Amino acid sequence: MNKEKQQKLDERYLKMAHIWAENSYCKRRKVGAIIVKDKMIISDGYNGTPAGFENICEDENNVTKPYVLHAEANAITKVAKSHNSSEGSTLYVTTSPCMECSKLIIQAGIKRVVFDEKYRITDGLDLLEKSGVELVNIKIK
């Protein structure tokens, strides 16, 4: 696929991740993720509490609760429960992945990560780069 066409697709899928982020109940930061393989969306996720928990991400001091799942983790675990494989796929996420999510991305066989906002802590990006995952930063907003 030519570079211009790939750029347009990347922008569209990243916009979809932004739309998906709107499903999050978190107040401090809403993050959305989409996993695409062979031009098909095979999974999606947004940050929030585990299934069966109340949809409140922050405590009374506006600190994110420790059990809140990140959008990437939700998308990866969702694809793991399906009959799809994320091997060789692209993850579109509205905010760059943290260290914990980056480990999951590597183990899930995701080969590209396209993100919009760079999070202030970049150790996750450093790990992805070290492992050979292609990183693409596209500004949508």
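Residue indices begin at 1 and follow the sequence shown. Worth saying up front: this structure is predicted, and the values here are computed from it rather than measured.
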Kindly compute the distance separating [atom1] ([X]) from [atom2] ([Y]), expressed to the nearest 0.5 Å.
| X | Y | atom1 | atom2 | result |
| --- | --- | --- | --- | --- |
| W20 | N74 | CH2 | CG | 11.5 Å |
| K37 | N84 | NZ | CG | 7.5 Å |
| T122 | R120 | OG1 | CZ | 11.0 Å |
| K111 | E87 | NZ | CD | 5.5 Å |
| Y92 | R112 | OH | CZ | 5.0 Å |
| L9 | Q7 | CG | CD | 10.0 Å |

Is it the case that more than 12 heavy atoms not belonging to [X] sit under 6.0 Å from its [atom1] atom?
| X | atom1 | answer |
| --- | --- | --- |
| Q6 | CD | yes |
| E54 | CD | yes |
| E129 | CD | no |

If we ignore hydrogens and angles and just use 3.5 Å, is the side chain of [X] paired with the main-chain N or O of [Y] as donor and acceptor?
| X | Y | answer |
| --- | --- | --- |
| T94 | G32 | yes |
| K81 | T77 | no |
| D38 | M40 | no |
| D116 | T95 | no |
| N2 | E4 | yes |
| N47 | V68 | no |
| S102 | G124 | yes |

Quiz item: Between C26 and E58, is a side-chain contact (heavy atoms from CB on, under 4.5 Å) present by the stated rule, with each step listed?
Solution: CA-CA 7 Å; C26 298; E58 295 85 11; 3.8 Å; yes
Which atom names give the shortest non-hydrogen contact between [X] and [Y], and what distance separates them?
| X | Y | result |
| --- | --- | --- |
| Y119 | S96 | N-OG, 2.8 Å |
| I35 | S86 | CG2-CB, 4.5 Å |
| V114 | I138 | CG1-CD1, 3.8 Å |
| A33 | A75 | CB-CB, 4.3 Å |
| C101 | A73 | SG-N, 4.1 Å |
| L128 | I106 | CD2-CG1, 3.9 Å |

Quiz item: Should E11 and K8 count as an ion pair when the cut-off is N to O under 4.0 Å?
Solution: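 K8 and E11: not salt-bridged.
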Quiz item: Should Y13 and V113 be regarded as members of a common hydrophobic cluster, given that ILVMFWY residues are connected when their side-chain heavy atoms come within less than 4.5 Å of each other, either directly or indirectly?
Solution: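 Cluster IDs for Y13 and V113 differ.
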Quiz item: Under a single-linkage definition using a 4.5 Å side-chain heavy-atom cutoff for Ile, Leu, Val, Met, Phe, Trp and Tyr, are V136 and L14 assigned to the same hydrophobic cluster?
Solution: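 V136 clusters together with L14.
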Just so I know, are the side chains of [X] and [Y] near enough to count as touching, which here means a heavy-atom distance under 4.5 Å?
| X | Y | result |
| --- | --- | --- |
| S24 | V31 | no |
| V93 | H70 | no |
| T49 | I56 | no |
| F115 | L125 | yes |

Quiz prompt | Test side-chain contact (heavy atoms from CB on, under 4.5 Å) applied to I110 and I76, step by step | solution = CA-CA 10 Å; I110 294 168; I76 290 168; 4.0 Å; yes
